[in-house]
Amino acid sequence: MQPFVALFLFYILTFEPLMDVSIAVPNSTCTLVMRRDDLLHPQISGNKFRKLKYNLLEAKDKGFKTILTFGGAFSNHIAATAAAGKIHGLKTIGFIRGEELAANYLDNPTLALAASLGMEFVFIDRETYRNKHNPAFLEALQKEYPQVYIVPEGGSNHLAIKGCEEILDQEGDVNFDYVATPVGTGGTFSGIIRALKNSQKAIGFTVVRDSNLEFFIQSNVTSNASWCLNADYDFGGYAKFDDQLIAFINWFKTTYQIPLDPIYTGKMMFGIFDMISKGAFPQGAKILVIHTGGLQGIAGINQKLSKKNQKLII
Ligand SMILES: *Cc1c(COP(=O)(O)O)cnc(C)c1O
């Protein structure tokens, strides 16, 4: 065999995408490792892949041909569901918050992407949208669409949580003292908590102000699990951010060649770096942070930033 052929074969046979990346933190004894779940799939990224996995299997198992779900105009869940539906041969319907979007939704990068993947939209007013978790509303919807498998907003049902337990699927995971993730609905965080070993603690960086969040998580995990929510880095609430966060995200990308989004992962990493610099972790602590994906959202944010003549995310 030619040497280069052997080398090529060796490369093919041993190649695995590098999912865990060491992040060198200046002036710290902490070990920080990032799990690149954003690289799980080019279109169904990060935790949305984990959350959809068992839902899609269930839908297929039960013979459904269509998935119906909910989301805002920039929703990673909407983009991921559209892509997953396309790949698995399931039709997708998105109930989108905001009637006004119906007129020009193709101007929105997330909805344009979802539409190109075959998703059909129903635009609903904010008042109606608030019912999305209401059992009576969902029951009526299921009656109206008897043939569809309904996935809740953000995808956070028990099957989603089961999928997120698989985020901690590496043998060496037991060596981490802390596992951190951004928290929206709390489904991903619940899965991570369920997969923790006794000695480990989970830290959830909340990005949305939701008084039910703690209760939701409690109801999904055992009472002796060790976890906490940190609300110090939400930058004012869901999808709110400032120049400082954008500057951090751009610095992080330049320094580590890893992109972060401003809604979820950027806030978590800003928080982790700030906590480390303030000595919030014991000497030599080993911290695993989950890159939950969400990078498709950057295009929409940059569109907003450029309209305001502000610095863009690189
Ligand atoms: C949806 C999302 C989250 C939040 O996940 P939940 O399970 O709703 O808490 C975190 N990060 C990214 C990138 C997301 O898209």
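Fair warning: this is a prediction, and the values are worked out from it, not measured in the lab. Every number for a ligand or one of its atoms is a count from 1 in the order of the listing.
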Legend entry - Nearest non-hydrogen protein atom, atom 8 (O) of ligand 1: Thr185 OG1, 2.6 Å

Legend entry - Nearest neighbour in protein (non-hydrogen) for atom 5 (O) of ligand 1: Asn47 ND2, 2.9 Å

Inset, instruction - Could you see which bit of Asn76 sits under 4.0 Å from ligand 1, with heavy atoms only: side chain, backbone, both or neither? - result: side chain

Legend entry - Element-labelled atoms of ligand 1 that are located less than 4.0 Å from some non-hydrogen atom of Val183: 9 (O)

Legend entry - From Phe95, Phe121, Phe123, residue fulfilling ring-ring contact (aromatic ring centres under 6.0 Å, His included) relative to Phe70: Phe95

Inset, instruction - Answer side chain, backbone, both or neither: which part of Ile263 comes under 4.0 Å from ligand 1, heavy atoms only. - result: neither

Legend entry - Close-contact set for ligand 1 against Gly294 heavy atoms, below 4.0 Å: 13 (C)

Legend entry - Side chains of Ile87 and Gln43 in contact at under 4.5 Å (non-hydrogen atoms): yes

Legend entry - Test item, Gly293 contacting ligand 1 (heavy atom, 4.0 angstrom): yes

Legend entry - atom 1 (C) of ligand 1: the protein heavy-atom neighbour that sits closest, reported with distance to 0.1 Å: Lys48 NZ, 1.6 Å

Inset, instruction - Kindly say whether the aromatic ring centers of Phe241 and Phe235 come within a distance under 6.0 Å. - result: no

Inset, instruction - Please check if atom CZ in Phe215 has more than 12 non-hydrogen atoms from other residues, nucleotides or ligands closer than 6.0 Å. - result: no

Legend entry - Any pair counted as ring pair (Phe, Tyr, Trp, His ring centres under 6.0 Å), so long as it reaches residues 292-314, sequence neighbours left out: none

Inset, instruction - Starting from atom 10 (C) of ligand 1, locate the nearest protein heavy atom and write down its residue, its atom name and how far away it is, to 0.1 Å. - result: Tyr264 CD2, 3.2 Å

Legend entry - Basic-acidic side-chain contact under 4.0 Å: Lys311, Asp243: no

Legend entry - For Gly184, the ligand 1 atoms whose distance to one of its heavy atoms is below 4.0 Å: 4 (C), 6 (P), 8 (O), 9 (O)

Legend entry - Beyond-backbone contact of Tyr145 with Thr66, side-chain heavy atoms, under 4.5 angstrom: no

Inset, instruction - Using salt bridge (charged side-chain N to carboxylate O under 4.0 Å, His left out) as the criterion, list what pairs up with Asp37, not counting sequence neighbours. - result: Arg50

Legend entry - 4.5 Å side-chain heavy-atom contact, Ser199 and Asp177: no

Legend entry - Neighbour count >12 (heavy atoms, 6.0 Å) for atom CG, Asn27: no

Inset, instruction - Pick one of side chain, backbone, both or neither for how His77 approaches ligand 1, counting any non-hydrogen atom pair under 4.0 Å. - result: neither

Inset, instruction - Please say whether Thr292 places an N or O atom under 3.5 Å from an N or O atom belonging to ligand 1. - result: yes

Inset, instruction - Report, in ascending order of atom number, the atoms of ligand 1 lying under 4.0 Å from any heavy atom of Lys51. - result: 5 (O), 6 (P), 7 (O), 8 (O)

Legend entry - Backbone or side-chain N or O of Thr265 under 3.5 Å from ligand 1 N or O: no

Legend entry - Any Gly186 heavy atom less than 4.0 Å to ligand 1: yes

